[in-house]
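Data first, discussion second: the structure below is written as structure tokens.
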Amino acid sequence: MLIYNTLTRRKEEFKPLNPPNVTMYMCGPTVYDYFHIGNSRSFIMSDIVRRYLEYKGYKVKFVMNLTDIEDRIIKKSNEQQTTAEAISQFYIDAFFEDIEKLKVRKADFYPKATSHVEEMIELISDLERKGIAYNVDGDVFYNVKKFDGYGKLSGKKIDELEAGARVEVNEQKNSPLDFSLWKKAKPGEPSWDSPWGKGRPGWHIECSAMSTKHLGKTVDIHAGGNDLIFPHHENEIAQSEGVNENQFVKYWMHFGFLNIQNEKMSKSLGNFFTARDVLARHSAEAVRLFFSQTHYGGPLNFSDELLTSAQKGVDKIINLAERFEESIAKADENGIQPEFALKNFYNEFETVMDDDFNTPQAVAVIFDFVRAANKVIDENPNLTKSFLLELKNFLAKTAEDVLGVIHFADLRRDLHSSLDIDAINKMLEEREAAKKEKNYKLADEIRNKLNDLGLIIQDSKTGPTFKRK
RNA sequence: GGCGCUGUACCCAAGUGGCUUAAGGGGAAGCUCUGCAAAAGCUUUAUUCGUCGGUUCGAAUCCGACCGGCGCCUCCA
């Protein structure tokens with residue numbers, strides 16, 4: 001399978017270090033606020049990458065960091081007159097709630113920055129010993145010129161960056177490009193003891209330290225949003241490879257932005273919706289299908305209309321899933337087992353996903369399957385149970401397990417929770433009777449009543465069925 | 001200024017040299033089924049891929065120029 005590697009700007013054959021094991025590190029949230037729907041794109045797409053690797057038989061160890069010490073957290077804690085810890089814990093809880101609602105699978109481990117200060121100090125000390133880091137009165141900086149490969153990920157050259165001159169001027173730094181490894185404590189800030197005095201770690205150092213500690217010196221995949229390429233990931237490479245001679249990351253993956261009216265959605269521009277706001281209006285499945293319908297690397301515009309269209313697509317898949325559930329319940333092994341190119345659908349799905357996770361084409365394969373499956377059910381009233389189960393399994397393995405755009409367990413729950421099935425069946429029988437007497441007025445009245453209960457009635461050759469609106 | 005992404009139907013979007021005289025979803029229109037609906041199926045909806053040139057037997061796909069949109073270079077998924 002091929003993965004586009006930001007480092008080489010090419011699609012490369014994916015060869016993990018120790019197959020079938022795969023190590024994957026994803027840059028997680030800074031927990032100073034609820035995350036927005038743009039952030040969700042990275043979380044969901046990395047989730048899909050991880051799920052597909054598992055589909056392929058890899059054993060993935062997936063680690064996502066939680067940045068729980070950072071300027072914005074400190075600022076908020078001062079504003080609210082509480083501790084940084086209280087702020088970060090509040091938003092960590094919120095993060096897990098939202099991630100669960102988005103049906104993003106939990107990482108194997110969520111290391112917190114504040115639990116790894118010791119490891120970060122060690123790493124900074126190593127850099128200092130090697131003459132790469134320098135201490136200026138309690139602030140420690142990374143000397144960018146001491147690392148030959150600086151700029152290799154983002155394609156930047158040190159000279160040009162300096163010419164750019166948008167870098168903040170800090171008299172203490174040797175060069176404006178040098179970045180903070182350790183920040184000297186200011187009054188009222190949380191701090192830790194270190195060889196350089198009280199202070200707190202810089203932002204970039206945490207990922208180097210935690211990735212190495214939990215996944216080893218070389219990680220197979222390191223992922224994050226496009227905006228992390230520079231400086232964050234560039235600096236991670238400088239830190240980790242400055243200390244360890246071996247390669248820090250084999251495959252760098254970066255996710256495109258979610259835009260609003262062609263502008264990047266971001267907190268600073270104020271043009272964002274939180275994930276929880278969006279999930280109040282749309283299903284997680286619609287959000288996931290919406291993201292899956294475009295390639296992970298490019299930009300994508302967000303709007304409620306687009307999510308509504310995605311929901312229509314989800315409904316189409318759900319409809320088929322419900323047909324499966326109903327027909328499987330009724331079916332046995334006395335029936336027809338027609339020709340069906342199931343193997344081709346699997347092959348197609350894998351071929352396109354193997355090509356750098358081409359989820360839009362994978363979605364297309366699923367919709368092709370939906371049409372073909374509907375057709376075979378239409379044309380054959382008595383299919384065998386095993387045949388139907390095989391078809392259902394395709395949806396379960398692709399649409400559910402990999403893309404997460406449908407969930408069979410939710411279907412059953414939706415149908416059977418908080419509904420008086422007996423009463424509904426009784427109303428349906430009355431309606432059938434009315435229909436037989438051609439008392440359509442009464443039949444429609446009953447249907448309207450069921451509509452008011454939130455049910456959609458569908459007549460079919462085998463009798464009426466119902467589903468939730 | 002440097003680096004990178006991007007322009008395909010009414011909307012979203014895949015495809016990066018012949019398998020595609022362009023997938024899939026939404027929308028729209030017609031038909032089948034239906035008491036009517038709904039669902040599903042079938043059919044139709046880009047001779048054309050920002051513009052202009054070039055390379056090639058052959059280009060949406062390669063090259064050049066131009067026009068337009070966006071991002072990073074500062075915290076940001």
Side-chain angles (χ1 to χ4, degrees), chain A residues 6 9 26-30 32 35-46 70-72 151 154-157 159-168 177 203 223-232 234 254-259 261-269 272 289-290 292-295 297-301 303 305-317 319-320 322-323 348 352 355 358-368 370-379 434-435 438-441 443-444 447 451 456-461 464-467:
Chain A
T6 309
R9 301 222 176 80
M26 169 72 189
C27 280
T30 299
Y32 72 105
F35 66 87
H36 61 64
I37 193 69
N39 303 121
S40 315
R41 187 175 180 201
S42 292
F43 298 145
I44 287 174
M45 294 321 289
S46 63
E70 197 261 354
D71 292 359
R72 289 166 295 180
S154 53
K156 295 183 191 304
K157 296 187 181 77
D159 302 348
E160 285 164 358
L161 278 167
E162 283 186 347
R166 280 184 68 192
V167 193
E168 84 184 80
L177 292 173
W203 173 41
N226 265 160
D227 46 4
L228 297 184
I229 296 173
F230 191 91
H232 186 55
E234 194 69 63
H254 291 98
F255 306 114
F257 300 131
L258 191 64
N259 293 338
Q261 286 163 342
N262 287 325
E263 277 199 325
K264 179 186 175 185
M265 181 186 289
S266 74
K267 287 274 167 60
S268 44
L269 288 171
F272 66 91
L289 183 68
F290 173 60
S292 298
Q293 276 179 310
T294 183
H295 187 75
L300 174 63
N301 268 306
S303 76
E305 290 69 30
L306 290 168
L307 276 187
T308 303
S309 331
Q311 182 63 52
K312 298 266 173 62
V314 170
D315 290 344
K316 219 168 152 169
I317 303 171
N319 251 310
L320 176 64
E322 283 173 344
R323 286 189 91 175
E348 272 296 301
V352 299
D355 185 11
N358 195 328
T359 53
Q361 289 202 305
V363 167
V365 172
I366 288 169
F367 281 112
D368 284 340
V370 168
R371 194 182 313 112
N374 269 315
K375 198 171 176 182
V376 81
I377 295 174
D378 280 350
E379 288 171 356
K435 275 170 68 184
K438 303 209 187 235
N439 186 350
Y440 296 123
K441 198 176 163 227
D444 288 351
R447 184 163 64 191
N451 271 336
I456 296 170
I457 306 308
Q458 294 173 6
D459 294 334
S460 76
K461 280 172 192 162
T465 63
F466 63 88
K467 64 174 187 178

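First the proteins, then the strands, lettered A, B, ... as listed; each starts at 1. Computed from a predicted model, the values in this text were never measured in an experiment.
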- Message: Please encode protein proximity along nucleotides 7-15 of chain B as a string of B, S and -, counting only heavy-atom distances under 4.0 Å.
- Response: -----SSSS
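OP1 or OP2 of B:G25 has at least one side-chain nitrogen or oxygen of A:Arg371 nearer than 4.0 Å. In this structure, A:Lys316 reaches the B:G25 phosphate: one of its side-chain N or O atoms is under 4.0 Å from OP1 or OP2. For B:A40, the OP1/OP2 oxygens have no side-chain nitrogen or oxygen of A:Lys375 closer than 4.0 Å. A sub-4.0 Å separation between OP1 or OP2 of B:C72 and a side-chain N or O of A:Lys264 is present.
Of the listed nucleotides (B:C36, B:C75, B:A39), B:A39 has the atom at the smallest distance from the side chain of A:Asn319. The nucleotide whose nearest atom lies closest to any side-chain atom of A:Asp459 is, among B:C36, B:G24, B:C73, B:C36. The side chain of A:Lys312 approaches B:G27 more closely than any other nucleotide in the set B:G27, B:G35, B:C73. Closest contact between the side chain of A:Glu263 and the listed nucleotides B:G25, B:G71, B:G2 involves B:G71. With B:A38, B:G24, B:C3 as the choices, the nucleotide that has an atom nearest any side-chain atom of A:Arg9 turns out to be B:C3.
A:Phe230 comes within 4.0 angstrom of sugar-phosphate atoms only, judged by non-hydrogen atoms across all strands, and of no base. If you check every strand for non-hydrogen atoms under 4.0 Å, A:Ile457 touches a base.
Defined by atom type and a distance below 3.5 Å, a donor-acceptor pair is present between the side-chain atoms of A:Ser154 and A:Glu234.
Look at the P atom in both B:C10 and B:U47: the space between them is 9 Å, to the nearest Å. If you take atom C1' in B:A60 and the same atom in B:A40, they sit 35 Å apart, rounded to whole Å.
Residues A:Gly297 and A:Thr30 each lie close to RNA chain B; by heavy-atom proximity, the contact nearer the 5' end of the strand is made by A:Gly297.
In this structure the side chain of A:Gln361 never reaches within 4.5 angstrom of the side chain of A:Asp355, judged on heavy atoms. Side-chain contact between A:Leu320 and A:Ile377: present, with at least one pair of heavy atoms (C-beta onward) separated by less than 4.5 Å.
With centres under 5.5 Å and a plane angle under 30°, the ring of A:Tyr440 is stacked against the base of B:G35.
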